[in-house]
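Computed from a predicted model, the values in this text were never measured in an experiment. Chain letters run A, B, ... following the sequence lines, proteins first, then strands; residues in each count from 1.
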2 protein chains.
Amino acid sequence: MVTGVRISARYRHTLAPDPAKAKKGRDSNPRTDVNLRKKPAAALQTKAASAEPKRKKSTINDIARMANVSKKTVSRVINDSPFVKEETRLKISTIIRELGFAPDPQARGLAFRRSFLIGMIFDNPTAQYIVNMQQGILDAMRGTSFELVIRPCDRTAPTFLADMRHFIERQKLFGVILTPSVSEDDRLVKLLHELDCPYVRIAAVSLDTPATMVVTHDVSGAADAARHLADLGHKLIAHISGPATFRSAHERRRGFADGLAERGLKLARHYDREGGYTFESGIAAGTELLSLKPRPTAIFTGNDEMAAGVYKAARDLGLEIPRDVSVVGFDDSPVASRMWPLLTSVRLPIRDMGRMAAEKLFHRRTEKRAQNDDATDVIPTLVVRESTDKPPVT
Amino acid sequence: MVTGVRISARYRHTLAPDPAKAKKGRDSNPRTDVNLRKKPAAALQTKAASAEPKRKKSTINDIARMANVSKKTVSRVINDSPFVKEETRLKISTIIRELGFAPDPQARGLAFRRSFLIGMIFDNPTAQYIVNMQQGILDAMRGTSFELVIRPCDRTAPTFLADMRHFIERQKLFGVILTPSVSEDDRLVKLLHELDCPYVRIAAVSLDTPATMVVTHDVSGAADAARHLADLGHKLIAHISGPATFRSAHERRRGFADGLAERGLKLARHYDREGGYTFESGIAAGTELLSLKPRPTAIFTGNDEMAAGVYKAARDLGLEIPRDVSVVGFDDSPVASRMWPLLTSVRLPIRDMGRMAAEKLFHRRTEKRAQNDDATDVIPTLVVRESTDKPPVT
DNA sequence: CTGAAAGCGCTTACAG
DNA sequence: CTGAAAGCGCTTACAG
């Protein structure tokens, strides 16, 4: 298939090593393979080029020459400058299209003093959340010249801020998108301002100027869950929240309590436990709650993982869902529809949220421009499945 | 907190628009905000700089001046060239460390004609797989000057190859990591050779020169599953495979059949169905298999998602797991330990695989160098839980 | 509306 | 072992 020449070139490539390790300094230097490319065309032709005429990628200079203009004018067209005669623009953009020319992002970035990379910074451990969010951001980036660089983090780590500074400064990120709970970290946001790096935060409550926020109204979704349970006739209703370090945990509790209040019910202190958004914490809190007298007939958990834990706790105690106890989760993750019985849960359109966050960052100057200065609001919806029913008759 | 000056600068930033849309050409040009930065320091000082002395980032020139050498020599140190006197190196690297200097990846990339971006190209729909893989790759990248750019794809799309070419060529990727099933696509690999882009493929079988492969021996894991079921006493054993377009589907079937053969059993034709690696296909194939006479007493599925489908099928048919039928999955995804009963499954160390793939790509020139020319082998392990037991007595 | 010059921060190619 | 010059492919700052 592929010729020997090329393959060996590939494998001879040497890693340009980490500058951080410069002290060690052994090893060869990276000029190894590049010569090959510069050899007179004949060298390649011999074995390889028969396959495809390895056309060298064209540059802004080629376009300029072909269009009989300066490269600055080509640059203007690339950057949508209004100061180009329509005729000139047309001529240039035609050539650009025909050649399939695309400007080099590195060169552009170097001159712009800003890269074409969008960073996604996250610390949410739920795989599905992360992947959906990535997909949404990529949806918005499709057809642009941006690429998505991902960055998990641990905001409790001592080097957290230093790492972030390094990352953002060095890559000269065009902008970053922050998801919960790192989106709630004001130290990071302060750093972002200092580094002059645009950002959009996704959070359960507005924490910043509207133009930088995608707000998921967890309050509203949790209230729906509360009304649903109340309307089924439940009175003894418990809650397992996420950890206090997550704003969403508070918002969901608040919304749930509000929803109950609307129906004349209240969230009793001893029916309200703090979990950790994990399966295990759901088992623990679920076991405690279900051992109480009187036993709650319904439990709302801050996410689906903990709901799965409650399922396990119930089974271990010989209780059946929803006959003995109803359960409502939050997230509507894939597990929700793999569990048995299928879990009633509050759904957030994660992928859409990612897309909206990226669009905000790009600050598209279209008719939607005005809207971009407002916060973007996301309303969760309750998905009723099999895990909720009337309370047991006693 | 943050000063008005900076904030407004941030929001005034204009998106450098997509060159692809250059034809449209309306709108303003992006020189808007840059002036602000160039304003005499006083402008910033007025309100802001009191916080921290906004030190301009140092460049290779600063280092050179301070060390009394040419910038070429600094460059040599950065790139670990052996042609630097130890004393010179020491002096330079000390200064580098003290200033916290890190070379600009864009400038370096432009000169190198290759970026410092690693691409992860994937089409696997399982969120947990993707996230674990990303984590592993990032594990290997920590402390290097590389960043991870992600790229989901659909290799059945008509523009697939063109998109990939565009992506790789334009970003001048340092290298890419391919996960199943796109890792099995020879057209893509051919393109990678043509573009002279290093890669590592993760797949269930060696498809390429060893130095480019991380091979997961799915055969071995599936054989373990077969032996486990045979040793429990099962004779009527069924299989639901992944789609024929995935190599892993064939490997898992083959391994399973091999394992059965070792125990004097064989995988009967009518007990062998093709699924689609999805929950729904697991339900469909599971329902069919469990309606057969004689009914199989055990089912091995090509992944956990389909096992979850079999769970549902069994419940709908009034069958109990593992009393009436044993089930073994593959992947050991989080659902496996959220399901009830807990699913016996074959585990692949995805995160480690990601790390190993990235390390191969970096081709670390350490003592491990020799090993890097061999394929990297990954052996799955069977995790026995609650979904497998002796067959029902009839 | 357009262009010539200088520069972004690095590395290559060449010379010593 | 070290350096001066040229260049990577773009954009900015300035001039017209």
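For B:R108 and C:dT11, the shortest distance from a side-chain N or O to OP1 or OP2 is below 4.0 Å. Between A:S75 and D:dT11 there is a side-chain polar atom (N or O) within less than 4.0 angstrom of OP1 or OP2. Side-chain nitrogen and oxygen atoms of A:S70 include none within less than 4.0 Å of the OP1 or OP2 phosphate oxygen of C:dA4. Between B:T59 and C:dG9, a side-chain N or O to OP1/OP2 separation shorter than 4.0 Å is absent. Between A:N61 and D:dC10, a side-chain N or O to OP1/OP2 separation shorter than 4.0 Å is absent.
Closest to the B:F101 side chain, of the nucleotides C:dC10, C:dA4, D:dC10, is C:dC10. Of the candidate nucleotides D:dG9, C:dT11, D:dT2, D:dG9 has the atom lying nearest to any side-chain atom of A:L110. Listed nucleotides: D:dC10, D:dT2, C:dT2. Nearest to the side chain of B:V84: D:dT2. Among C:dT12, C:dT2, D:dC10, the nucleotide with an atom closest to any side-chain atom of B:R113 is C:dT12. Here the side chain of B:T73 is nearest to one of D:dC10, D:dG3, D:dC1, namely D:dG3.
For A:K72 and D:dC14, the NZ to P distance is 13 Å, given to the nearest whole Å. A:K71 places its NZ atom 12 Å from the P atom of C:dA6, with the value rounded to the nearest Å. One can place CG of A:D104 at 13 Å from C1' of C:dC8, the figure rounded to the nearest angstrom. As a whole-Å value, the separation of A:K172 NZ from D:dT11 P is 14 Å. One atom, CD1 of B:I92, and another, P of D:dC1, lie 13 Å apart when rounded to the nearest Å. Distance A:Q171 CD to C:dG9 P: 15 Å, rounded to the nearest Å. Straight-line distance from the CZ atom of A:F83 to the P atom of D:dA15: 17 Å, rounded to whole Å. Between the CZ atom of A:F112 and the P atom of C:dC10 there is a distance of 20 Å, given to the nearest Å.
With the nearest nucleotide of DNA chain C identified for both B:R76 and B:A111, B:A111 has the one nearer the 5' end. Annotation: of the two residues near DNA chain C, B:Q106 and A:T88, the 5′-most nearest-nucleotide partner is A:T88.
Note: B:F146 and B:F116 have tilted aromatic rings, judged against thresholds of 30 and 60 degrees for the angle between ring planes.
Both cation-pi conditions hold for B:R151 and B:F167: the charged atom is under 6.0 angstrom from the six-membered ring centre and inside a 45 degree cone around its axis.
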**OP:** Check the pair B:Q106 / A:Q171 against side-chain hydrogen bond (donor to acceptor under 3.5 Å, both in side chains), numbers first and verdict last.
**Re:** CA-CA 8 Å; B:Q106 309 214 65; A:Q171 300 299 328; over 6 Å; no
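A salt bridge links A:D104 and B:K172; the closest N-O separation between the charged side-chain nitrogens and carboxylate oxygens is under 4.0 Å. Using a cut-off of 4.0 Å between Lys/Arg side-chain N and Asp/Glu carboxylate O, B:R355 and B:E359 are scored as salt-bridged.
With both pairing distances under 3.5 Å, C:dA4 is matched to nothing as a Watson-Crick or G-U wobble pair.
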